[in-house]
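Note that the structure is predicted; figures quoted are calculated from it, not measured.
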Amino acid sequence: MMPLLELKDVNIHYGQVKAVKGVSLSIQEKEIDVIIGSNGAGKSTILRGISGLIPCANGEIWFKNRRINNISGHRVAKMGISHVPEGRRLFPKMTVLENLKIGAYLRVNKREINNDLERILERFPVLRERRDQHAGTLSGGEQQMLTIGRGLMSKPDLLLLDEPSLGLAPLMVAEIARIIQEIHNQEMTIILVEQNARLALRLSNRGYVLETGKIVLEGGSEDLLGNEYVKKSYLGA
């Protein structure tokens, strides 16, 4: 089966710093794949490379059988990739509803946009309650829901989630995990970057372990949960 997304020997640099070094991975349609690793390993950089926010020094990125590396971010988004960034990156002085509508800025069918907006508000009832509230006044968990909802408003084929549980209380982490699983159950393909390795591997089909910009281990998520190196380095065992 042809993968939905494929990275082939991708290298990404920040000036003289080699942040991603020869990374190759293959994402099948309708799966959740996770990238785990410590701070500074290059996880977020890979997502930025996929979404066109930073250029690749060399290597290839293919999406739906088209090469996409080093094209502009808005063109990548229009092709069907939605990036939910670390740190939420909302427009704090705009309302919840305005933030959600921005997620659909590349779409033209107003009826479909309104239908999807209604579905997002059904999935996140708290956002309906706060639809006229400024995004900057929401709690951390509510802001994360809004960020995910905004990402879904572009109607993507591939959703990139960068550290969705970061900084949240345990109960809210569990709620975000439930939301991710629910989105996946509706046949959404997801790449999840997450420092909470145990949570990420339990949610996903396949995992990649990234260290200092290189993939050092990959496999089925259940296998990685049982791997002694992963247990010792990332699961606190």
Practice prompt. I would like to know whether R128 and E118 meet salt bridge (Lys or Arg N to Asp or Glu O under 4.0 Å); could you show each step before the answer?
Written response: CA-CA 9 Å; R128 185 188 296 279; E118 183 60 29; 2.6 Å; yes
Practice prompt. Start with the C-alpha gap between M94 and H134, add the side-chain angles, then the distance that decides, and say whether side chain to side chain contact (heavy atoms under 4.5 Å, CB included) holds.
Written response: CA-CA 5 Å; M94 296 175 67; H134 285 174; over 6 Å; no
Worksheet entry | Steps toward side chain to side chain contact (heavy atoms under 4.5 Å, CB included) verdict (R48, H83) | CA-CA 8 Å; R48 293 184 191 120; H83 188 165; 4.1 Å; yes
Discussion item. One pair to check against salt bridge (Lys or Arg N to Asp or Glu O under 4.0 Å): K101 and E98. What are the steps and the verdict?
Written reply: CA-CA 5 Å; K101 288 181 176 179; E98 288 167 339; over 6 Å; no
Practice prompt. Please test R67 against N69 for side chain to side chain donor-acceptor pair (under 3.5 Å), starting from the C-alpha separation and ending with a verdict.
Written response: CA-CA 6 Å; R67 188 171 176 178; N69 52 297; 3.0 Å; yes
Worksheet item: Run the side chain to side chain contact (heavy atoms under 4.5 Å, CB included) check on C56 and I12 step by step: do they pass?
Response: CA-CA 5 Å; C56 298; I12 302 175; 4.2 Å; yes
Discussion item. Is there a side chain to side chain contact (heavy atoms under 4.5 Å, CB included) between T147 and L90? Walk through the geometry before answering.
Written reply: CA-CA 7 Å; T147 309; L90 296 169; 3.6 Å; yes
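Between atom CG of residue L5 and atom OG of residue S26 there is a gap of 8.0 Å, rounded to the nearest 0.5 Å. Of the inter-residue distances, the one linking K155 atom NZ with S82 atom OG reads 13.5 Å to the nearest 0.5 angstrom. Taking CG of L117 as the reference point, atom CG of L127 lies at 10.0 Å (rounded to 0.5 Å). Distance OG/S72 to CG/L53: 10.5 Å, rounded to 0.5 Å. Remark: M2 CE to E29 CD distance equals 12.0 Å, nearest 0.5 Å. The CG atom of D162 sits 9.0 Å away from the CD atom of E194 when rounded to the nearest 0.5 Å.
Listed here is the closest heavy atom pair of R130 and V96: O-CG2, 3.1 Å. Closest approach of I191 to L158, counting heavy atoms only: CG1-CD1, 4.0 Å. When all heavy atoms of L199 and A177 are compared, the pair lying nearest together is CD1-CB, 3.5 Å. Contact between Y208 and S24 at its shortest, heavy atoms only, is CE2-O, 4.3 Å. Across G141 and L168, no two heavy atoms sit closer than the pair N-CD2, 3.6 Å. Summarising the geometry of A135 relative to F91, their closest heavy-atom pair is CB-O, 3.7 Å, with the distance given to 0.1 Å.
Around atom CZ of R75, no more than 12 heavy atoms belonging to other residues, nucleotides or ligands sit under 6.0 Å away. Residue K214 places its NZ atom among 12 or fewer non-hydrogen atoms of other residues, nucleotides or ligands, all under 6.0 Å distant. Within a 6.0 Å radius of CD in Q181, more than 12 heavy atoms belonging to other residues, nucleotides or ligands are found. The number of heavy-atom neighbours closer than 6.0 Å to NZ of K21, taken from other residues, nucleotides and ligands shown, is above 12.
N109 and R107 are not linked by any side-chain donor-acceptor pair at a separation below 3.5 angstrom, with hydrogens and angles left out of the test.
A donor-acceptor pair under 3.5 Å links the side-chain atoms of H184 to the main chain of K30, judged by distance alone. At least one donor-acceptor pair under 3.5 Å links the side chain of K43 to the backbone N or O of G37. Judged by distance alone, with hydrogens and angles left aside, the side-chain atoms of N114 form a donor-acceptor pair with the main-chain N or O of K110 at under 3.5 Å. Remark: the backbone N or O of I32 is paired with a side-chain donor or acceptor of N205 at under 3.5 angstrom.
Residues satisfying the salt bridge (Lys or Arg N to Asp or Glu O under 4.0 Å) test with R123, not counting sequence neighbours, are E182. With sequence neighbours left out, the salt bridge (Lys or Arg N to Asp or Glu O under 4.0 Å) criterion links E129 to no other residue. Residues passing the side-chain hydrogen bond (donor to acceptor under 3.5 Å, both in side chains) test with S204 are S221, sequence neighbours excluded. With sequence neighbours left out, the salt bridge (Lys or Arg N to Asp or Glu O under 4.0 Å) criterion links E122 to no other residue. For E86, there are no salt bridge (Lys or Arg N to Asp or Glu O under 4.0 Å) partners two or more places apart in sequence or in a different chain. Residues satisfying the side-chain hydrogen bond (donor to acceptor under 3.5 Å, both in side chains) test with R202, not counting sequence neighbours, are none.
Looking at heavy atoms from C-beta onward, I113 lies out of side-chain contact with D116 at the 4.5 angstrom threshold. Taking 4.5 Å as the limit, every side-chain heavy atom of F63 sits out of range of all side-chain heavy atoms of I50. Looking at Y234 and L201, their side chains never come closer than 4.5 Å, going by heavy atoms from C-beta outward. Considering only heavy atoms from C-beta on, P164 comes within 4.5 Å of L192 through its side chain. Side chains of I183 and I179 form a contact here, defined as non-hydrogen atoms less than 4.5 Å apart. Taking 4.5 Å as the limit, some side-chain heavy atom of V23 sits within range of a side-chain heavy atom of L210. No side-chain heavy atom of T189 sits less than 4.5 Å from a side-chain heavy atom of D157. Between Q144 and S165, every side-chain heavy-atom pair lies at or beyond the 4.5 Å cut-off.
V193 and L235 are not part of a single hydrophobic cluster, where members link through side-chain heavy atoms under 4.5 Å apart. In this structure, V173 is a member of the same hydrophobic cluster as I180, with clusters built from ILVMFWY side-chain heavy atoms closer than 4.5 Å. No chain of hydrophobic side-chain contacts below 4.5 Å, direct or via other Ile, Leu, Val, Met, Phe, Trp or Tyr residues, connects L225 to I215. In the hydrophobic cluster analysis, where Ile, Leu, Val, Met, Phe, Trp and Tyr join through side-chain heavy atoms closer than 4.5 angstrom, L152 is grouped apart from V76. V34 and I46 end up in different hydrophobic clusters when Ile, Leu, Val, Met, Phe, Trp and Tyr side chains are linked at under 4.5 Å.
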